[in-house]
Every structure is written in structure tokens, then in C-alpha cells.
Amino acid sequence: LTAWLAKQLITVPWISLVNLLADQAVVPELTQHEVSLARLAEALAPLLEVGGEAAQRQREGFRLVRQRLGSPGASNRVAELAAELLG
């Protein structure tokens, strides 16, 4: 019931703060009924491949998030961004 209700109320494309800040899928998002050992393994396996494309894209996404967070005081800026996204 809570998952269904949340899906009705959420207006942002992601639930992960990293993905919200990057405005793209940087980390896999599995919620409640989507979580299983098989799905976790499926989501993580490409990220564990040394030199793999998925891991490289994720590192680039993390660099983008660090760039957007900028200098010290990031938590205040993130709170402002979250408030802006929730609008």
C-alpha cells in the first residue's frame, strides 16, 4: 500500500539523491517489491566489471554530482535543490 501511494504522489523521476542531483540514472534504484537477490545481482554485475562501460558511466555521473555540489556548504544547497524540485 505504501509503495503504491508513494508512486501516486512522487513527481520526480528518481528517488535517489545522487540520481536527482545528476538528473540522470547514476545508481540503480530498486524499491520494495522490485528488490530480490537476482535483481540486485543484475543491477550490480555491470558495475563490477573492471573497465566496463556501466562502471565508467557511473563514475562520470558521480563526477557530475561532485561538480554540482561544489564547494563546502553542499548540504544547504542540496536542501534548497530538493525544496525546489518538490516545488
Side-chain angles (χ1 to χ4, degrees):
L1 179 61
T2 57
W4 177 85
L5 184 59
K7 285 187 180 191
Q8 305 309 306
L9 298 173
I10 293 174
T11 59
V12 292
W14 298 283
I15 57 173
S16 162
L17 185 56
V18 170
N19 292 347
L20 288 168
L21 288 170
D23 197 28
Q24 63 184 8
V26 175
V27 297
E29 294 185 348
L30 299 174
T31 58
Q32 292 187 336
H33 67 281
E34 299 170 331
V35 177
S36 69
L37 288 177
R39 285 203 166 171
L40 285 171
E42 182 181 316
L44 294 176
L47 301 173
L48 298 175
E49 292 177 22
V50 177
E53 185 178 320
Q56 179 61 33
R57 277 194 318 270
Q58 188 176 68
R59 283 191 297 276
E60 290 169 6
F62 286 141
R63 277 192 284 277
L64 175 62
V65 169
R66 278 193 300 273
Q67 178 185 21
R68 288 187 175 173
L69 289 175
S71 58
S75 60
N76 289 336
R77 289 191 301 277
V78 169
E80 290 170 6
L81 176 61
E84 186 179 307
L85 287 171
L86 294 173

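For the pair Glu34 (side chain) and Thr31 (backbone), a donor-acceptor distance under 3.5 Å is present. Between the Glu29 side chain and the Ser16 main chain, a donor and an acceptor come within less than 3.5 Å of each other. Looking only at distances, no side-chain donor or acceptor of Arg57 sits under 3.5 Å from a matching main-chain atom of Gly52. Asn19 places no side-chain N or O within 3.5 Å of a backbone atom of Ala25 that could act as its donor or acceptor partner.
The two atoms that bring Ala54 and Leu47 nearest to each other are O-CD2, 3.7 Å, heavy atoms only. In this structure, Trp14 and Leu20 approach most closely via the heavy-atom pair O-CD2, 3.5 Å. Of all heavy-atom pairs spanning Pro46 and Ala43, the tightest one is CD-O, 3.7 Å. Contact record, Val18 with Val65: O-CG2, 3.6 Å, taken as the closest heavy-atom pair. Contact detail for Thr2 and Gln32: the closest heavy-atom pair is OG1-NE2, 3.5 Å.
With rounding to the nearest 0.5 angstrom, the CG atom of Leu44 is 6.0 Å from the CG atom of Leu48. Rounding to the nearest 0.5 Å places CD of Gln56 at 13.0 Å from CD of Glu49. We find the CZ-CZ distance between Arg68 and Arg63 to be 14.0 Å, quoted to the nearest 0.5 Å.
Annotation: Leu37, atom CG; neighbour count of heavy atoms from other residues, nucleotides and ligands within 6.0 Å does not exceed 12. At most 12 non-hydrogen atoms from other residues, nucleotides or ligands lie less than 6.0 angstrom from CD of Glu53.
Hydrophobic clustering (side-chain heavy atoms under 4.5 Å, transitive across Ile, Leu, Val, Met, Phe, Trp, Tyr) keeps Leu40 apart from Val27. Residue Ile10 is grouped with residue Leu81 when hydrophobic side chains (ILVMFWY) are merged at heavy-atom distances under 4.5 angstrom, including chains of intermediate members. Put simply, Val26 and Leu85 are part of the same group of oily side chains (I, L, V, M, F, W, Y) that touch within less than 4.5 Å, one to the next. A chain of hydrophobic side-chain contacts below 4.5 Å, direct or via other Ile, Leu, Val, Met, Phe, Trp or Tyr residues, connects Leu69 to Val12.
You'll find the side chain of Gln24 reaches within 4.5 Å of the side chain of Leu64, heavy atoms only.
Every residue was checked against the side chain to side chain donor-acceptor pair (under 3.5 Å) condition with Glu42, not counting sequence neighbours, and none meets it.
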